[in-house]
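Here, residue 1 is the first one in the sequence, and each next residue gets the next number.
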Amino acid sequence: MKYNRVLAIETSCDDTSAAVVEADGYVLSSIAASQDQEHQAFGGIVPEIASRNHSYHLLPVIDKALQKAQKTWDDIDAIAVTSQPGLIGSLMVGVVTAKTLAMAKKKTLIGVNHLEGHLMAPFLKDENFQPPKDFDYPFVGLAVSGGHTSLYYCRALGDYQILGSTVDDAAGEAFDKFAKMAGLGYPGGVKVDQFSKEGDPKAYDFPRALMQKKLRNFNFSFSGLKTQGQLRLQKMSDEEKKKEIHNLCASYQEAIVDALLAKLDWAVIDHFLKDNKTPRAILTGGVSANSRLREKAEEWARRKKVQLVVPPLRYCTDNAAMIGIVGLMRLNQGESSDIRLGVSPKSTILEQACSS
Ligand code: KG4
Ligand code: ZN
């Protein structure tokens, strides 16, 4: 059977989202209910609050996705749902809802890996966005968000080589923690980005870890940077902090951006440029919303003649459309999940698919 259209559900972290996606990657609707306000008072995501909010928002969000797509359950061939990795309680709300709907509406079910969703996001399209027509595998994929920072070489759907990932904090976490320490609020990445716009990225010398080119270590580490950020802030009076906040944010942000782009560059050199192949890369995950990262990545791609695809923000941050496209790709390869589909905080599906 050919699957033409799925309803997709994503609840792995703190965004409740549902989407209707077609087999060619066209997104008919993508709806999300953000929980930022609920978690703001705690300066980070509280797992139990996230689960409770998912159970409150999910069914209305699914209804809205169907309505916006102007489709009914009769038009839906299958249900795709994020089953890993993520917060267990959050994942469970999505998976149990998907299973129940699959049984009640007699639809095929498929569990999807969230990280694979981020990697396939560049293949999504809608009335305002379309990836370049010649964009295809293989490509180097950098997925950067609040929960993950990983670099992959993607040969085909399900054929990924993991080149490196963070050994401690994710890049988004490093942004959020600095923002919290500096009293900028939550979620912090976007605040650091905003303050940086009027700051000097060279004002403070923050560390970039694991950067010895010869060693070709593709992992990332942000805990040393975070400690240096904290020490720097502790040494300053409130008045000094206020005066220097733009420079502090710009310098801290620059350290993260430099570390991310250095590894992306090495990966492209090793996998494409050494063999004179057309280099392709993608940047995805919530941190790819960062304006400095986008600006420097685009400048790098122009200089190195890399075909770089950065999906629009709505498909970079957590969203159900990216889960829908992976679901369809896998369903049309003959895969599906049964009613015993479980959840996992870890990325076991991708670990199996990844050769290192
Ligand atoms: O992909 P995402 O929406 O959720 C996760 O899977 O984590 O990413 C959220 C992360 C947060 O850490 C947030 O601070 C960060 O992305 N982020 C940013 C920006 N916008 C969101 N980080 C830096 N600059 C931004 N403009
Ligand atoms: Zn994510």
Subject >> Contacts of Phe220 that satisfy ring-ring contact (aromatic ring centres under 6.0 Å, His included) - sequence neighbours left out >> reply: none
Original post:
Roughly how far apart are Ile110 CD1 and Ser336 OG, rounded to 0.5 Å?
Top reply: 6.5 Å
Original post:
Who are the side-chain hydrogen bond (donor to acceptor under 3.5 Å, both in side chains) partners of Arg294, not counting sequence neighbours?
Top reply: none
Original post:
Where do Leu119 and Gly141 come nearest, in terms of heavy atoms and distance?
Top reply: CD2-CA, 4.2 Å
**OP:** Could I get the full list of side-chain contact (heavy atoms from CB on, under 4.5 Å) partners for Asn247, not counting sequence neighbours?
**Re:** Asp200, Ala203, Tyr204, Glu244
Subject >> Closest approach of Gly342 to Ser83 (non-hydrogen atoms, all atoms of both residues) >> reply: O-CB, 3.5 Å
Original post:
Going by atom types only, do Thr82 and Glu10 share a side-chain donor-acceptor pair under 3.5 Å?
Top reply: yes
Original post:
Does the side chain of Arg232 reach to within under 4.5 Å of the side chain of Phe206, using non-hydrogen atoms?
Top reply: yes
Subject >> Of Val257, Asp258, Val192, the residue whose pairing with Arg292 passes side chain to side chain contact (heavy atoms under 4.5 Å, CB included) >> reply: Val257
Original post:
Excluding sequence neighbours, so at least two apart, what forms side-chain hydrogen bond (donor to acceptor under 3.5 Å, both in side chains) with Glu298?
Top reply: none
Subject >> Lys107 side chain vs Ile76 backbone, donor-acceptor pair below 3.5 Å >> reply: yes
Original post:
Counting distance only, does the side-chain N/O of Asp77 pair as donor-acceptor with the main-chain N or O of Val6 below 3.5 Å?
Top reply: no
Original post:
Any side-chain heavy-atom pair from Ser12 and Ser90 closer than 4.5 angstrom?
Top reply: no
Original post:
ring pair (Phe, Tyr, Trp, His ring centres under 6.0 Å): which pairs involve residues 44-92, sequence neighbours left out?
Top reply: none
Original post:
For Lys106, does the NZ atom have more than 12 heavy-atom neighbours from other residues, nucleotides or ligands under 6.0 Å away?
Top reply: no
**OP:** Compare every heavy atom of Leu157 with every heavy atom of Arg330, then report the nearest pair and how far apart it is.
**Re:** CG-CD2, 4.1 Å
Original post:
Is any side-chain heavy atom of Phe222 closer than 4.5 Å to a side-chain heavy atom of Leu260?
Top reply: yes
Original post:
Remaining members of Leu215's ILVMFWY cluster at a side-chain heavy-atom cut-off under 4.5 Å?
Top reply: none
Subject >> Close side-chain approach of His271 to Leu163, heavy-atom, < 4.5 Å >> reply: yes
Using distance only, find each side-chain donor-acceptor pair of residues 65-72 under 3.5 Å and give its atom names and separation, not counting sequence neighbours.
unit_1	atom_1	unit_2	atom_2	d
Thr72	OG1	Asp74	N	3.3
Thr72	OG1	Asp75	OD2	3.4

**OP:** Check whether any side-chain heavy atom of Val81 sits under 4.5 Å from a side-chain heavy atom of Thr97, and report yes or no.
**Re:** no
**OP:** Look up atom CG in Leu142 and atom CZ in Phe218, then write down how far apart they are to the nearest 0.5 Å.
**Re:** 12.0 Å
Subject >> Within-4.5 Å side-chain heavy-atom neighbours: Cys249 and Phe178 >> reply: yes
Original post:
So, Asn113 versus Ser347: side-chain donor-acceptor pair below 3.5 Å or not?
Top reply: yes
Subject >> Sequence-distant partners of Asp193, salt bridge (Lys or Arg N to Asp or Glu O under 4.0 Å), two or more places apart >> reply: Lys197
Subject >> Listed once per pair and sorted, the side chain to side chain donor-acceptor pair (under 3.5 Å) pairs that draw on residues 174-183, sequence neighbours left out >> reply: Glu173-Lys177
Original post:
Should Leu331 and Thr108 count as side-chain neighbours, where that means a heavy-atom distance under 4.5 Å?
Top reply: yes
**OP:** Look at the rings of His148 and His114 and say which category their plane angle falls in: under 30° parallel, 30 to 60° tilted, over 60° perpendicular.
**Re:** tilted
Original post:
Roughly how far apart are Leu308 CG and Leu264 CG, rounded to 0.5 Å?
Top reply: 7.5 Å
Original post:
Got a sec, which pairs hit side chain to side chain donor-acceptor pair (under 3.5 Å) with one end in residues 221-230, sequence neighbours left out?
Top reply: Asp168-Ser221, Asp168-Ser223, Asp169-Lys226
Original post:
Once you round to the nearest 0.5 Å, how far does CD1 of Ile9 lie from CD1 of Ile62?
Top reply: 3.5 Å
**OP:** Would you mind listing the cluster partners of Ile31? Hydrophobic ones only (ILVMFWY), side-chain contacts under 4.5 Å, chaining allowed.
**Re:** Val61
Original post:
Quick one: do the Tyr315 and Asp126 side chains pair a donor with an acceptor below 3.5 Å?
Top reply: yes
Original post:
Roughly how far, to the nearest 0.5 Å, is CG of Leu248 from CE of Met181?
Top reply: 10.5 Å
**OP:** Flag the pair Lys243 and Glu239 as a salt bridge only when some basic side-chain nitrogen lies within less than 4.0 angstrom of an acidic carboxylate oxygen.
**Re:** no
Enumerate, atom names and distances included, each donor-acceptor pair closer than 3.5 Å involving a side-chain atom of residues 130-137, sequence neighbours excluded.
unit_1	atom_1	unit_2	atom_2	d
Asp134	OD1	Gln307	NE2	2.9

Subject >> Heavy-atom neighbours of Gln212 CD exceed 12 at 6.0 Å >> reply: no
Original post:
What is the distance from atom CD1 of Ile325 to atom CG of Leu124, rounded to the nearest 0.5 Å?
Top reply: 4.5 Å
Original post:
Any idea which heavy atoms bring Ala171 and Val144 closest together, and the distance?
Top reply: CB-CG1, 4.1 Å
Original post:
With a cut-off of 6.0 Å (strictly less than), are more than 12 heavy atoms of other residues, nucleotides or ligands near CE of Met211?
Top reply: yes
